[in-house]
Amino acid sequence: MNKNKKISDLTQLNEDLENYFSNTIIPQLFVDANLILRKFTPPAMKQFDLKSEFIGMPLEDIRENFRFPTFISNINTVIATGKILEKEIQTTDFKWYQMNILPYHVRNENRTNGVIITFVDITPRVKDLKEQERLVLEHELLLDTIAHDIKNPLLVLKLTFGLMKEFKDKNSAKFLPLMQNHEKSLVEIKKIIDDLTESRWEKQKYQASTELIDLPNILEDVRLSLAP
């Protein structure tokens, strides 16, 4: 009776594992301690062009599908240390992933018998961060330019005021040009501020945009998940 119950429990456990791997929406791989690919989820099939015949093959033979140079060495590190490895990786097709390699422990034998690897596509997030960095850099350059542009007319104003103080006769022929320089500098400063508040900053504002959704790909993910 106990034997039958153990077999039933193992069967149920295997069914649970199969259902999990078949229905998860995350690209996930199970690799044993000999670096043999044992299982992968349907999203991994799509993301890394994996095929069902790859099951049972050494990773060395299909490493190019993952397009990540230190992939195998990272797995070996986790198997050797038994510690989780989390890192952001870029593949040779310029996509970014959050890769988590978790050790698969055989607790009663106190050893690591392989790894479970998950991949989360973070390419849009990385692109957003790079765009934010670009905007910050542009803003810093803009502020430097503004500071430089304002300093010149301010210097002219300072010098003009200094000279105007020396004139006791406001009707002097030299007084009018000084007043004109003063007015011109004020106009230049106002123009710089107007450019900043109206045109330059307007270009940097975040603009909402319509997002295109690849419906065929979404439906294909659903189909692969529900195929079993």
Side-chain angles (χ1 to χ4, degrees), residues 3-126 213-228:
K3 183 178 180 182
N4 290 336
K5 186 176 184 309
K6 286 182 179 179
I7 293 175
S8 177
D9 289 344
L10 286 173
T11 301
Q12 183 61 50
L13 184 62
N14 188 62
E15 286 292 330
D16 291 342
L17 187 61
E18 288 292 342
N19 273 286
Y20 171 76
F21 266 87
S22 297
N23 293 291
T24 183
I25 62 173
I26 299 174
Q28 203 164 33
L29 314 173
F30 175 56
V31 179
D32 69 16
N34 295 316
L35 300 185
I36 303 297
L37 180 63
R38 293 301 180 188
K39 285 183 180 296
F40 57 81
T41 59
M45 176 186 293
K46 178 181 177 182
Q47 201 80 289
F48 302 109
D49 298 323
L50 299 180
K51 301 176 182 178
S52 56
E53 53 262 34
F54 290 172
I55 299 294
M57 290 179 59
L59 278 185
E60 187 66 38
D61 294 344
I62 53 177
R63 65 186 302 172
E64 293 302 319
N65 288 69
F66 301 102
R67 302 179 290 276
F68 176 54
T70 61
F71 183 51
I72 292 180
S73 63
N74 288 155
I75 295 174
N76 283 326
T77 298
V78 173
I79 292 175
T81 63
K83 295 181 180 179
I84 296 174
L85 185 148
E86 299 178 355
K87 66 189 301 185
E88 293 182 356
I89 64 170
Q90 185 180 29
T91 52
T92 55
D93 57 352
F94 303 109
K95 289 186 177 180
W96 283 91
Y97 294 91
Q98 172 68 39
M99 180 180 71
N100 297 328
I101 305 180
L102 295 83
Y104 184 85
H105 293 298
V106 180
R107 302 193 184 281
N108 60 341
E109 298 179 13
N110 193 28
R111 66 187 178 89
T112 300
N113 193 39
V115 295
I116 295 175
I117 311 163
T118 61
F119 297 89
V120 177
D121 190 346
I122 58 172
T123 304
R125 190 184 79 186
V126 172
I213 297 177
D214 194 336
L215 191 58
N217 280 344
I218 294 175
L219 293 175
E220 180 65 10
D221 286 342
V222 175
R223 188 190 69 78
L224 290 171
S225 296
L226 299 180

First locate atom [atom1] of [X], then atom [atom2] of [Y], and finally report the distance between them rounded to the nearest 0.5 Å.
X	Y	atom1	atom2	value
Glu64	Ile62	CD	CD1	11.0 Å
Ile75	Ile117	CD1	CD1	3.5 Å
Ile79	Arg111	CD1	CZ	11.0 Å
Arg63	Phe71	CZ	CZ	9.5 Å
Ile72	Glu60	CD1	CD	4.0 Å
Asn76	Thr70	CG	OG1	11.0 Å

Is the number of heavy atoms from other residues, nucleotides or ligands within 6.0 Å of [atom1] ([X]) greater than 12?
X	atom1	result
Tyr104	OH	no
Lys87	NZ	yes
Gln90	CD	yes

Ignoring hydrogens and angles, tell me if any N or O in the side chain of [X] forms a donor-acceptor pair with the backbone of [Y] under 3.5 Å.
X	Y	answer
Thr41	Ile26	yes
Asn100	Thr118	no
Thr112	Gly82	no
Asp32	Asn34	yes

Least distance between heavy atoms, [X] atom then [Y] atom:
X	Y	result
Leu29	Phe66	CD1-CE2, 3.4 Å
Pro27	Pro43	N-CB, 3.8 Å
Asp49	Asn65	O-ND2, 3.2 Å
Lys51	Phe40	O-CZ, 3.4 Å
Ile116	Gln28	CG2-NE2, 3.7 Å
Lys83	Val78	O-CG1, 3.3 Å

Name the residue from Ile122, Val120, Leu85, Thr91 that meets the side-chain contact (heavy atoms from CB on, under 4.5 Å) definition with Met99.
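Output: one option passes, namely Leu85.
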Could you pull out all residues at least two apart from Thr81 that satisfy side-chain hydrogen bond (donor to acceptor under 3.5 Å, both in side chains)?
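If we apply the side-chain hydrogen bond (donor to acceptor under 3.5 Å, both in side chains) test to Thr81, skipping adjacent residues, there are no hits.
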When you compare the side chain of Pro103 with that of Ile84, does any pair of heavy atoms fall below 4.5 Å?
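Result yes, sub-4.5 Å side-chain heavy-atom pair found.
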Min side-chain heavy-atom separation Leu37-Met57 under 4.5 Å
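Leu37 does not reach Met57 side chain to side chain.
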Are Phe119 and Phe48 an aromatic pair by the rule of ring centers under 6.0 Å?
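Between Phe119 and Phe48, the centre distance is under 6.0 Å.
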